Number of protein chains: 2
Amino acid sequence: MRGKPTMNEVAREAKVSLGTVSKVLNGDATVAAERRERVLAACDRLNYQRNQIAASLRRRHTHTIGIIIPDILNTFYAALVEKLENLASAAGYTVIIVTTGEDPQRTQARIGVLKQRQVDGMIVIPSLDSSGLLATAVGDDMPCVIIDRIAANDPYPSVATDNVDAAYQGTRHLLSLGHRHIALAVNTPRLWNTQERIIGFEQAMREAQAKADLRIVGMTVEEAQLSISSLFREPDRPTALFTANNLVTLGAVRAQIDSGLKIPDEISLLAFDDFEWLKLLQPAISAIQQPVDQIAVEAWRLMFHQLSKRSIAAPHIRAAAQLIIRGSTVGYVGAGRKVVAL
Amino acid sequence: MRGKPTMNEVAREAKVSLGTVSKVLNGDATVAAERRERVLAACDRLNYQRNQIAASLRRRHTHTIGIIIPDILNTFYAALVEKLENLASAAGYTVIIVTTGEDPQRTQARIGVLKQRQVDGMIVIPSLDSSGLLATAVGDDMPCVIIDRIAANDPYPSVATDNVDAAYQGTRHLLSLGHRHIALAVNTPRLWNTQERIIGFEQAMREAQAKADLRIVGMTVEEAQLSISSLFREPDRPTALFTANNLVTLGAVRAQIDSGLKIPDEISLLAFDDFEWLKLLQPAISAIQQPVDQIAVEAWRLMFHQLSKRSIAAPHIRAAAQLIIRGSTVGYVGAGRKVVAL
DNA sequence: CTGAAAGCGCTTACAG
DNA sequence: CTGAAAGCGCTTACAG
């Protein structure tokens, strides 16, 4: 075997025409059984592998989907990607993953390479501040679905957690424990999903007439750690902290270790986003678990419908999150901290 | 703008020939400055994006690299991928990531799709039991580099942590604390990197004439947890546990929580593979940190040399790991446990 | 049911 | 320095 065999060589080997080989490889039923066998045997003998690039050029689609995420090291995105890859793969699609690092420039550049590679569609988690250029960068003849970070004016179908409700339920849980002063630590209100979490939080606090303490702590773990450390040092600090995403949670746990504050006695902690290691901490950290599988499934469905030019009934999907109660949010007894302080 | 503009349309717009457009877009210097400008302006006006599929078909390479890993949710692999993606991207390559889930069948299938997609090369972490079919699946005209899980008979260049030395150093550290009975918990000796870690461990133990206690605990966190839980219940259990990879570490920490054993007083813990959350546990867990960045850099270099048909001087690279000492491995005082038991 | 031929959108000798 | 033409390896009307 010298070089890769072409379809032409298979045709010669099987003593049929090039078009016939193509047809049997594409499952066209109009080929006589006997010739089909000859073709299959020839493919086998030559160890033939079809050149998808040539097929793609001719067919004018590549069976490739671009996935655009901020960062593959964030396990929330990694979980989404893993699920999407399986879904796509099962449907005969392959996936190209690119990361933006929250950089609008890089986002635009990566979208460009995806378009040059002629992806059939894109599934994107917009990077910070990129929602403006998204529509022009992606274009309007490109099937696209937005996940997780949805903006009000996105022209594409979308699927995300019902953030307002999730934050509302989480806050209600904290309130039910007797907390009256709760801080919500968020990365930045410039992200729509964060804004929604703020809305849910503030609504629950307003209804309970409790003190809503909103803290903007930054996009990185280090920034969050610093900011939350100083929050913990405030004389009138909250009795419960609700962290609005996984990076902030990481910062909060670090800050808690620095401060020596006891969980849940001195500070209750509730995390948005659930992870394996939250269960390993002592006490384990309560969390809002986002419906990652469901988001991936719906996103793929939305994508697949667009690829097949089928119409989409409900193009904006919100999936319910789940509150998981662990040791970090139990047994707060109201003014317990003050009693201890006496 | 209707449909995507082709290079032909750009040529017409710029009033030059098709070949001239191709030349300026490919940086060919033999085009008069004035015509070059016209072409660039036309590209701009039409918002032209080159069709890479067509270019790839003609050029007979795609500037695409396949990356084959067991699992994207494992942060060790994710970190490798992230680094490799950046390196490749900087060199004008795009990357297709596929996962094997440790399944040889799936590995073979995924390699097949990568070949059909005409990737220029593959960087692979072989899945369990796949090293036999790897050479035949990949073929010998495909540039390939193996990382992390190297087998003795791999015909490709490779880069990995110096596992023997890393395990040796880790074991020496435990011995220096006074431990005489140490268990090494491994996933499976069918993996070459695991075998190497066993060798380093056993060598250090032999030299110290201490009791080497090798435990095979399985590939999943759940299996490891079960197996280590029962280890912890043995009357004559070891005073230190060395976990040979990150999944086993996860199982060990779960088992430790179940057992209520105190770290480091009742059991010292040293982990192969370092992670953010190991620092957040109380006490923090000591770890062997693999040189992820260096592995990625060397792997890319090896790949790039093959792509450019340059010769490779040292095709089998071993990079040194680093021992990071934290609270889980301090102050063991020899027979301390027995004293407490009196 | 079968094969000859056109064409997908580029790159690349080649002749001028 | 420029353009006309061949060709990358397929798929797909089309005529038979």
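Numbers restart at 1 for each chain; the letters A, B, ... are given by sequence-line order, proteins then strands. Hydrogens, waters and symmetry mates play no part in the numbers below; they use all other heavy atoms, side chains included. Keep in mind the model is a prediction, meaning the values are calculated, not measured.
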A:Arg149 side-chain N/O to A:Ile125 backbone N/O, donor-acceptor pair under 3.5 Å:
no
For the side chain of A:Arg35, counting heavy atoms from C-beta on, which of C:dC1, D:dC10, D:dC1 is nearest?
C:dC1
Between B:Ala54 and B:Lys15, who's closer to the 5' end of DNA chain D by nearest nucleotide?
B:Lys15
With pairs taken as Watson-Crick or G-U wobble and both distances under 3.5 angstrom, which stems of at least three consecutive pairs involve DNA chain D?
C:1-3 with D:14-16, C:5-12 with D:5-12, C:14-16 with D:1-3
Checking the side chain of B:Glu102 only, and the main-chain atoms of B:Leu128 only, is there a donor and an acceptor separated by less than 3.5 Å?
yes
What's the CZ-C1' distance between A:Arg60 and C:dG9, to the nearest Å?
9 Å
Is B:Thr6 near enough to C:dG9 that one of its side-chain N or O atoms lies under 4.0 angstrom from OP1 or OP2?
no
Is the phosphate of D:dT11 approached by A:Ser22 (side-chain N or O, under 4.0 Å from OP1 or OP2)?
yes
Of the candidate nucleotides C:dT11, C:dT2, D:dC10, which contains the atom at the shortest distance from the side chain of A:Lys23?
C:dT2
D:dT11 C1' sits how many Å from A:Asn51 CG, rounded?
13 Å
Does any N or O in the side chain of B:Lys115 come within less than 3.5 Å of the main-chain N or O of A:Asn51, such that one atom is a donor and the other an acceptor?
no
From C-beta outward on B:Arg58, which listed nucleotide comes closest to its side chain: D:dT11, C:dT2, D:dA6?
D:dA6
Would a distance-only check, ignoring hydrogens and angles, find a side-chain to backbone donor-acceptor pair under 3.5 Å from B:Asp120 to B:His63?
yes
What's the closest nucleotide to the side chain of A:Asn26 if the choices are D:dT11, D:dC10, D:dC8?
D:dT11
Nearest-Å distance, CZ (A:Arg59) to P (D:dA13)?
12 Å
Whether the side chain of B:Asn26 engages the backbone of B:Ser22 through a donor-acceptor N/O pair (distance < 3.5 Å, no angle test) should be reported.
yes
Of all the choices, D:dT11, D:dT2, C:dC10, which nucleotide is nearest to the side chain of B:Tyr48 once you look at every atom?
C:dC10
To the side chain of B:Thr20, which of D:dT11, D:dG3, C:dC10 is closest?
D:dG3
Would you sort out whether B:Arg106 and B:Thr99 count as a side chain to side chain contact (heavy atoms under 4.5 Å, CB included), showing the intermediate values?
CA-CA 8 Å; B:Arg106 178 165 158 184; B:Thr99 57; 2.7 Å; yes
Provide, to the nearest angstrom, the distance between the NZ atom belonging to A:Lys115 and the P atom belonging to C:dG9.
16 Å
Check side-chain contact (heavy atoms from CB on, under 4.5 Å) between B:Ala160 and all other residues, then give those that pass, not counting sequence neighbours.
B:Ile150, B:Arg318
Would you mind reading off the distance between B:Asp28 atom CG and C:dA13 atom P, rounded to a whole angstrom?
11 Å
Whole Å only: how far is the CZ atom of B:Arg38 from the P atom of D:dC1?
15 Å
Between D:dC10 atom C1' and A:Leu25 atom CG, what is the distance in whole Å?
11 Å
Nearest-Å distance for atom pair CG/P, residues B:Leu57 and C:dT12:
12 Å
